[in-house]
Amino acid sequence: MAEQSLPVADQDASAEEKPSSRPGVSRRALLGTAGATGLVLGAAGGAAGYAAAPAAATPLTSVGSTEVMFHVKHQPGIIDGLQARGHLVAFDLTPGAGRKEAAALLRRWSETARRLMAGEPSGSDDTDVARDAGPSSLTVTFGFGHSFFSRTGLEKQRPVALDPLPDFSSDQLDKARSDGDLWVQIGANDALVAFHALRAIQKDAGSAARVRWQMNGFNRTPGATAHPMTARNLMGQLDGTRNPKPSELDFDKRIFVPSSATPAWMANGSYAVVRRIRMLLDDWEKLSLGSQEAVIGRRKANGAALSGGSETTAMDLEKTDAKGDLVVPINAHARITRPDQNGGAAMLRRPFSFHDGIDANGVPDAGLLFVCWQADPLRGFVPVQRKLDRGDALSQFIRHESSGLFAVPGGAAQGEYVGQRLLEG
């Protein structure tokens, strides 16, 4: 579909934060922060964040020391703060590779991820790309695509929630850059640390899997703003204002599969919808500021709803102007994507921006690597996207170019690898 994604979805994220990583200097952690005086723009200490809120502002000299744990209840890279650099990569199992080879691969990948997230070398053949750097909030997240289960003879373990997404009328999807047997999300606050992890994961694939597609993204670096704030996308809009917060009582119910789930191997896991959304920036930037704000339904400067207040003030959908027109237009993106306008449907958006240069027509190949998390995509992403598909003002300025849906199991316990309960169950 071309246009209806959620690059500026209206799912709340406030400025408060929940620590999701712990500061700790490992063998390769950053040494010395004496030079940080005068560079501190926000709170000192390890970067922290919740959901898709930005990581806390920190002195740049301390960014490298922050470590995210690998052995956790939910895989890392879901509720951790947005990272400055990211890689999304999908793999297909090679001909002849099945369940046994997949299990060995996930075992290798899990050990490599654990080591790198602790700031350690990946193994005996480490490339030294990230030498001298600390963990830099590195996270590595693994998921399984629909095709993985037939390739490994595990069709009976494939969740119903992993059924293919429906077609949307505006999709313009490149099948070669969609789907995949396996999906890996890599994020870090240092570009070399993220690249190092990417190369290690690719090398570990060996003869068991080959890359199907890869996408590279970025966000604002922690410490680049005077205080923590909602991130901006390439349209200049605050992006993620109404993301669900872990402090909300129903957060886990909306985002994570319950521990009593069927199939059992998905307990404490989540489902990731991944979409490459091209932003038609030349067209968007021709709009006046007022027209851009009408498309979104929020002020560009501070993310406040057009109905008034601050970024976190509830949107008044019924407020009208002196002429009797709705202040928040009926087709405004922020109105259409509200959970209360979609039967309570909600998802945790955790995207990266991308810029892949200029295309053959001389226009920017740039936009959003949209990643959203939910306990069930049929109750999260799908109803919202269907509504957007029927008439969202943002539609003419974006284009959906690839798509994927992946089952992301819960975190690996000590001594386990990700997906072990599926592959050895």
Side-chain angles (χ1 to χ4, degrees), residues 21 47 49 52 55 63-64 66 68 70 75-78 80-92 105-106 108-110 112-117 119 122 126-130 133-145 174 176-206 209-222 231 233-234 272-278 349-357 365-373 401-406 408 418:
S21 56
V63 167
T66 307
V68 179
F70 178 75
Q75 281 197 62
I78 301 177
D80 302 285
L82 291 180
Q83 294 132 309
R85 305 296 295 191
H87 301 290
L88 307 180
V89 55
F91 293 81
D92 285 334
L105 174 58
L106 267 296
R108 291 195 300 273
W109 273 353
S110 295
T112 293
R114 183 197 65 77
R115 292 175 65 92
L116 293 179
M117 285 173 57
S122 59
D126 189 89
T127 62
D128 283 341
V129 171
S136 300
S137 298
L138 174 68
T139 60
V140 186
T141 317
F142 303 103
F144 303 104
D174 178 357
R177 293 195 293 182
S178 299
D179 304 318
D181 294 341
L182 293 156
W183 175 68
V184 184
Q185 174 190 254
I186 296 168
N189 283 332
D190 178 78
L192 286 179
V193 168
F195 177 82
H196 181 234
L198 175 67
R199 288 297 298 140
I201 291 296
Q202 290 172 339
K203 289 168 60 181
D204 275 351
R210 56 179 174 77
V211 173
R212 178 180 177 89
W213 54 258
Q214 179 187 319
M215 301 174 191
N216 310 311
F218 58 90
N219 285 304
R220 178 173 277 158
T221 300
N233 61 33
L234 299 188
V273 173
V274 181
R275 293 207 146 202
R276 186 185 196 269
I277 302 171
R278 178 86 164 266
R349 301 174 68 263
R350 195 175 184 276
F352 292 95
S353 293
F354 74 88
H355 179 218
D356 292 335
D365 184 6
L368 197 74
L369 299 180
F370 174 81
V371 182
C372 74
W373 300 90
E401 297 183 335
S402 70
S403 179
L405 171 62
F406 301 96
V408 177
V418 173

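The shortest heavy-atom contact between V68 and P76 is CG1-CB, 4.0 Å. Closest approach of G77 to Q185, counting heavy atoms only: O-NE2, 2.9 Å. Between A200 and T112, the shortest heavy-atom distance links the atoms CB-CG2, 3.8 Å. For the residue pair A84 and P222, the shortest heavy atom distance occurs at CB-CD, 4.3 Å. L105 approaches A205 most closely through the heavy-atom pair CD1-CA, 3.6 Å.
A distance of 12.0 Å separates CG of L192 from CG of L198, quoted to the nearest 0.5 Å. Note that the CG atom of D179 and the OG atom of S403 stand 6.5 Å from one another [nearest 0.5 Å]. A distance of 9.5 Å separates CG in L82 from CZ in R349, rounded to the nearest 0.5 Å. For the atom pair F406 CZ and L88 CG, the distance stands at 9.0 Å (nearest 0.5 Å). S136 contributes atom OG, which lies 7.0 Å from atom CG of N189 (distance to the nearest 0.5 angstrom). Rounding to the nearest 0.5 Å gives a distance of 5.0 Å between OG of S110 and CZ of F142.
Side chains of S122 and R115: a donor-acceptor N/O pair is absent below 3.5 angstrom, by distance only. A donor atom on one side chain and an acceptor atom on the other are not found under 3.5 Å apart for H196 and D128.
Side-chain N or O atoms of R212 include one that pairs as donor or acceptor with a backbone N or O of S178 at under 3.5 Å. Here the side chain of N219 pairs a donor or acceptor atom with the backbone of P351 at under 3.5 angstrom. Between the R350 side chain and the D80 main chain, a donor and an acceptor come within less than 3.5 Å of each other. A donor-acceptor pair is defined here as one N or O able to donate and one able to accept, closer than 3.5 Å; such a pair exists between the side chain of D92 and the backbone of D181. Side-chain N or O atoms of Q83 include none that pairs as donor or acceptor with a backbone N or O of L138 at under 3.5 Å.
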Please report the C-alpha distance between V418 and Q75 in whole Å, then the side-chain angles of each, then the deciding distance to 0.1 Å, and finally whether the side chain to side chain contact (heavy atoms under 4.5 Å, CB included) criterion is met.
CA-CA 9 Å; V418 173; Q75 281 197 62; 3.4 Å; yes
Let me see the working for W213 and V89 under side chain to side chain contact (heavy atoms under 4.5 Å, CB included), right down to the final yes or no.
CA-CA 6 Å; W213 54 258; V89 55; 5.7 Å; no
Evaluate W183 against V408 for side chain to side chain contact (heavy atoms under 4.5 Å, CB included), listing each step before the verdict.
CA-CA 9 Å; W183 175 68; V408 177; 4.1 Å; yes
After noting the C-alpha distance and the side-chain angles of E401 and R275, does the key distance pass the side chain to side chain contact (heavy atoms under 4.5 Å, CB included) rule?
CA-CA 7 Å; E401 297 183 335; R275 293 207 146 202; over 6 Å; no
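The existence of a salt bridge linking R108 and D204 is excluded, since no basic side-chain nitrogen approaches an acidic carboxylate oxygen closer than 4.0 Å. Salt bridge R278/D365: present, at least one basic N to carboxylate O contact under 4.0 Å.
Put simply, the side chain of H355 reaches to within 4.5 Å of the side chain of F218, judged on heavy atoms. Considering only heavy atoms from C-beta on, N233 stays 4.5 Å or farther from F370 through its side chain. Here the side chains of V140 and V184 are in contact, with some heavy-atom distance below 4.5 Å. Residues R85 and D190 form no side-chain contact, since every pair of their non-hydrogen atoms from C-beta on lies 4.5 Å or further apart. Counting only heavy atoms from C-beta outward, the side chains of S353 and L368 approach each other to under 4.5 Å.
Note: F91 and W109 meet the aromatic proximity criterion, with ring centroids under 6.0 Å apart.
Here D356 pairs with R276 under the salt bridge (charged side-chain N to carboxylate O under 4.0 Å, His left out) rule; sequence neighbours left out.
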